[in-house]
Amino acid sequence: MDDTNVNMGELLDRIKEMRGFFQFGGEVIPFLTDLFEFLREIMPLMNQVNISLEDSQHKLPTAKDRIADVTEATEMATHEILDKLEIISTRLGDLESKDNKEVVEEIQGHILDINFALQFQDITSQKLEHANKILSAINEKFQHLYSVLEQTRGKSSVSQHLLSVIDQEVDKEKQESDRAAFEKETEDIVRHEQISQDDIDDLFS
Amino acid sequence: MVEKKVLFVEDSPTMRRIIMNSLKKIGFTDIIEAENGEDALEKIEGNPVELVLTDWNMPEMNGEDLVKELRSRAEYKNVPILMITTRGMKEDVLTAVQLGVNGYIVKPFTPEILKKKISKVVN
């Protein structure tokens with residue numbers, strides 16, 4: 001009799017546990033359904049983010065190089081102007097006489113003003129350098145984010161299955177057109193391997 | 001004023017030429033040029049100067065560290081130092097004052113300002 005009582009008690013406990021489990025399941029299932037729905041919606045977006053990150057990663061180093069090119073080009077041009085100013089100033093000094101002293105001094109003053117106006121090169125270079133540092137930092141963050149996303153993709157069989165379903169749902173055509181639009185927007189219009197003037201002339205001969 | 005030996009520290013080749021041209025126009029003839037703080041300290045070793053013009057942002061050793069180093073040396077305790085920089089925030093100027101800088105010019109500036117500030121710190 002005692003044994004039967006004990007067994008019944010255990011059974012009732014188990015039934016209680018199971019009821020608790022089903023109650024929990026009943027509460028959790030709607031949440032899981034919502035979560036899967038959310039993932040279904042968000043994953044194509046994440047896929048798009050991933051593609052954008054990949055594209056941006058290729059573009060950012062180019063942008064950095066172009067900024068460095070601008071600094072170099074403006075520095076060279078500024079020094080050419082400074083060379084000429086120094087020559088003019090020296091030649092002007094040689095030409096100075098009692099009669100033209102006032103005029104020569106006035107021109108020397110203007111030369112000095114032009115000289116100082118060229119400070120813009122150093123100032124813009126510093127601003128560009130700052131922009132370059134920001135780009136580097138963004139590039140680093142993008143690279144990190146991209147590698148994390150790549151590592152996360154398809155780590156488990158569930159996520160692999162989920163990704164393959166999402167991949168089928170992604171609008172490939174839209175993806176391609178977005179990519180083409182990004183390429184066009186960020187196209188490098190200043191070609192750095194330009195055709196030489198001689199080659200152009202040859203094409204016309 | 002123009003007889004003084006000047007140390008001029010600036011990493012930008014463009015700014016070096018611009019300010020050098022101006023210093024020569026003012027009448028300075030004895031000028032030591034340096035690209036950064038370290039270079040400056042090497043060049044003034046055994047070759048003391050009487051006026052220092054320095055940029056702030058420079059590689060290797062910046063202007064802030066150069067001023068600290070100079071002010072820690074007995075022979076440079078009272079040498080006039082003029083800082084020429086793009087840093088125009090109030091905090092920057094206050095830092096420069098605390099470091100013991102005697103004058104401060106924010107780029108871009110005119111030849112007149114340079115002349116005026118040099119004259120002020122020297123006198």
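For the numbers below, each heavy atom of this structure counts, side chains included, while hydrogens, waters and symmetry mates do not. The chains referred to below are lettered A, B, ... by the order of the sequence lines, with proteins before strands, and numbering in each begins at 1. Fair warning: this is a prediction, and the values are worked out from it, not measured in the lab.
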Report which part of Ser89(A) has an atom under 4.5 Å of a heavy atom belonging to chain B: side chain, backbone, both, or neither. side chain
State whether the side chain of Gln119(A) and the backbone N or O of Lys107(B) hold a donor-acceptor pair below 3.5 Å, judged by distance alone. no
Counting neighbours of CD on Glu50(B) that are heavy atoms of other residues, nucleotides or ligands and sit closer than 6.0 Å, is the number greater than 12? yes
At what distance, to the nearest 0.5 angstrom, does CZ of Phe116(A) lie from CD1 of Ile113(B)? 9.5 Å
Engaged part of Leu114(B) at the chain A interface, taking heavy atoms whose separation is under 4.5 Å: side chain
Of all heavy-atom pairs between Pro111(B) and Asp113(A), which one has the smallest distance, and what is that distance? CG-OD1, 3.9 Å
Quick one: pull up OG1 in Thr14(B) and CG in Leu118(A) and give me the separation to the nearest 0.5 Å. 8.0 Å
Chain A interface, residue from Glu112(B), Met15(B), Lys25(B) that has the most non-hydrogen pairs under 4.5 Å: Met15(B)
Mark yes or no for whether Asp122(A), through its side chain, and Ser12(B), through its backbone, hold a donor-acceptor pair below 3.5 Å. no
Do any of residues 65-98 of chain B come closer than 4.5 Å to chain A, heavy atom to heavy atom, and if so which ones, in number order? Thr86(B)
Using 4.0 Å as the upper bound for N to carboxylate O, is an ion pair formed by Arg17(B) and Asp83(A)? yes
Gap between atom CG of Asn21(B) and atom CD1 of Ile111(A) - 0.5 Å precision: 10.5 Å
Check whether more than 12 heavy atoms from other residues, nucleotides or ligands sit under 6.0 Å from atom CD of Glu96(A), and answer yes or no. yes
Please indicate whether Lys115(B) has more than 12 foreign heavy atoms, meaning atoms of other residues, nucleotides or ligands, lying under 6.0 Å from its NZ. no
To the nearest 0.5 Å, how far apart are CG in Leu112(A) and OG in Ser22(B)? 5.0 Å
